[in-house]
Undergrad: 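What follows is a single structure, and I will ask about it in a moment.
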Amino acid sequence: MKLATFNINGIKARAPALAEWLDEAQPDVAVLQEIKSVDEAFPREMFEDRGYAVETHGQKSFNGVAILSKLPLEDVTRGLPGDDEDDQARWIEATVVGKTSLRICGMYLPNGNPAPGPKYDYKLAWMERLHARAQDLLKSEEPALMTGDFNIIPQAEDAKTPDAWRDDALFRPESRTAFRRIVNLGFTDAFRARTYGPGHYSFWDYQAGAWQRDNGIRIDHVLLSPEAADLLKDCKIDAYIRGKEKPSDHVPVWVELDI
DNA sequence: ATGGCACCATCTTGGTGA
């Protein structure tokens, strides 16, 4: 099974590019972030026509996540547990039913800038809730993964110019510590299980010719539970997508699992 | 040191992002 994560930066602006990539890459499951749309306005027919089940958790203008799947989706839930006051649409879960079932968590983790400040406090509090959900996922001892736009640069090698990110919410020590705490519960960063070394990015800013200079960062991740990590066959970043017409500032990251 | 670009809303400008 091929599963991809893709921050599309707006479904209205990206629908044609997203459809083209789906036709090329043929993922069985696509976990989307920043749909920036309410559920009713999501062009679901475009994807249902391609054989995907469509589950969205949207909101007006900002945020919003979705799961597209060619396999049946069950037990869909929306919202990250732990704060009833939080109305930002950043989390969706579903179980994909294949020859083995897989629990999928799709996230758009808060950016957190400027740091320090209330937005950074929200990011760290959100990651505490993520840690709690991650613990519960592991208790099931079933194949599970958490994927999406983590807005975390895990290591210096995951940025072309790490010094430029030193005080940024994506790279500050507290952010990386919170990410490591979650990984250290027993998750595998799928990309780093397959590829080592610098020069692998999933985001390039629209500004200052970042793509042309390859000034990128790796912030879109797939974290596998031990049971899912045992099924990992491959993980790659479709960086070439960033060079197409009207691209998102993120590109797809995909895993192939023996499911 | 700064801003640069793109998206969204309904506004031709400001909020947000990373």
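Convention: sequence-line order gives letters A, B, ...; per-chain numbering from 1.
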Undergrad: Atom NE2 of A:H250 to atom P of B:dT16: distance rounded to whole Å?
TA: 17 Å
Undergrad: Using heavy atoms and a sub-4.0 Å distance, could you list which residues of residues 210-217 of chain A are near DNA chain B? By number, please.
TA: A:I217
Undergrad: Could you state the CD-C1' distance from A:E34 to B:dC7, rounded to the nearest angstrom?
TA: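 Distance, rounded to whole Å: 9 Å.
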Undergrad: Nearest to the side chain of A:A13, heavy atoms from C-beta on, is which of B:dG4, B:dG17, B:dC8?
TA: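 The answer is B:dC8.
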Undergrad: What's the closest nucleotide to the side chain of A:A208 if the choices are B:dT10, B:dC8, B:dG4?
TA: B:dG4
Undergrad: Do A:N9 and A:H250 come close enough that some side-chain heavy atom pair is under 4.5 Å?
TA: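 With C-beta onward as the side chain, the pair stays apart.
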Undergrad: Just call it for A:F171: base, sugar-phosphate, or nothing, with non-hydrogen atoms closer than 4.0 Å on any strand.
TA: nothing
Undergrad: Which of the following nucleotides, B:dA18, B:dT16, B:dC7, is nearest to the side chain of A:F62?
TA: B:dT16
Undergrad: What is the distance from CD1 of A:I152 to P of B:dG17, rounded to the nearest Å?
TA: 15 Å
Undergrad: Across all strands shown, which nucleotide pairs with B:dT13 by Watson-Crick or G-U wobble geometry, both distances under 3.5 Å?
TA: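 WC or wobble partner is B:dA9.
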Undergrad: Between B:dG3 and B:dA18, how many Å separate the two C1' atoms, rounded to a whole number?
TA: 14 Å
Undergrad: Set out, in order, the CA-CA distance, both residues' side-chain angles and the distance that settles side chain to side chain donor-acceptor pair (under 3.5 Å) for A:Q33 and A:D149, then state yes or no.
TA: CA-CA 7 Å; A:Q33 303 87 39; A:D149 178 358; over 6 Å; no
Undergrad: Quick check for you: among B:dC8, B:dG17, B:dT10, whose closest atom lies nearest to any side-chain atom of A:K12?
TA: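 For the A:K12 side chain, the nearest candidate turns out to be B:dC8.
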Undergrad: B:dA18 P sits how many Å from A:I219 CD1, rounded?
TA: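 Going from CD1 in A:I219 over to P in B:dA18 covers 6 Å.
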Undergrad: Group every Ile, Leu, Val, Met, Phe, Trp and Tyr by side-chain heavy-atom contacts under 4.5 Å, then state whether A:I219 and A:M107 land in the same group.
TA: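 Hydrophobic grouping puts A:I219 apart from A:M107.
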Undergrad: Between A:V222 and A:M146, is there shared hydrophobic-cluster membership here, with clusters defined by ILVMFWY side-chain heavy atoms closer than 4.5 Å?
TA: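 No; A:M146 is not reachable from A:V222 via cluster members.
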Undergrad: Over how many whole Å does the gap from A:Y201 atom OH to B:dA18 atom P extend?
TA: 18 Å
Undergrad: Rounding to the closest angstrom, what is the interatomic distance between B:dT10 and B:dA6 at atom P?
TA: 23 Å
Undergrad: Is there a side chain to side chain donor-acceptor pair (under 3.5 Å) between A:T5 and A:D220 once you walk through the steps?
TA: CA-CA 7 Å; A:T5 179; A:D220 299 272; 5.1 Å; no
Undergrad: Go ahead and name the base partner of B:dA1; Watson-Crick or wobble counts if both distances stay under 3.5 Å, otherwise write none.
TA: none
Undergrad: Starting at atom CG of A:N63, determine the distance to atom C1' of B:dG17, rounded to an integer number of angstrom.
TA: 10 Å
Undergrad: Taking only the side-chain heavy atoms of A:S61 (C-beta and beyond), determine which of B:dA18, B:dC8, B:dC7 contains the nearest atom.
TA: B:dC8
Undergrad: Using a cut-off of 4.0 Å on non-hydrogen atoms, how would the nucleic acid contact of A:K119 be classed: base, sugar-phosphate, or nothing?
TA: sugar-phosphate
Undergrad: Would you kindly give the CZ-to-C1' distance between A:F203 and B:dC7, to the nearest whole Å?
TA: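 Computing the A:F203:CZ to B:dC7:C1' distance gives 13 Å.
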Undergrad: Can you check whether A:F179 reaches A:L223 side chain to side chain, under 4.5 Å on heavy atoms?
TA: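 Touching, per the 4.5 Å side-chain cut-off.
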Undergrad: Separation of A:Y206 atom OH from B:dA6 atom C1', in whole Å?
TA: 5 Å
Undergrad: A:L145 and side-chain contact (heavy atoms from CB on, under 4.5 Å): which partner among A:L257, A:T188, A:V96?
TA: A:L257
